[in-house]
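Following: one structure in structure tokens, then a few remarks.
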Amino acid sequence: CEHEAFTSGHFDTHFVKDFYSPEYLKAQQDEEKTVAALLGLKVYLEQTAQLQVPQVAKSEWTNR
């Protein structure tokens with residue numbers, strides 16, 4: 001959507017074919033997959049850290 005031909009309104013139904021190669025599109029998708037995976041991992045780790053119950057030291061009561 002930021003391409004000059006697109007923003008100027010000078011494009012047609014062949015816009016993708018004319019301005020983007022399959023290799024370029026695949027590279028973009030791979031980068032987006034990596035970013036999505038890293039973001040998902042970050043959210044998972046943050047939520048896991050919030051859910052962890054602190055370990056309680058053993059009570060003398062359990063030894064009786």
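Counting from 1, the numbers follow the sequence of the chain as shown.
Residues Tyr24 and Val16 share a hydrophobic cluster, clusters being chains of Ile/Leu/Val/Met/Phe/Trp/Tyr side chains in contact below 4.5 Å. Placement of Val35 and Val43 in two distinct hydrophobic clusters is found when ILVMFWY residues are connected by side-chain heavy-atom separations under 4.5 Å, directly or transitively.
Around the CD atom of Glu46, the shell of radius 6.0 Å holds more than 12 heavy atoms that belong to other residues, nucleotides or ligands.
In plain terms, the two heavy atoms of Phe15 and Ala5 that are nearest each other are CE1-CB, 3.9 Å.
Taking NZ of Lys42 as the start and CD of Gln47 as the end, the distance is 10.5 Å to the nearest 0.5 Å. How far OG1 of Thr34 is from CG of Asp30: 6.5 Å, rounded to the nearest 0.5 Å.
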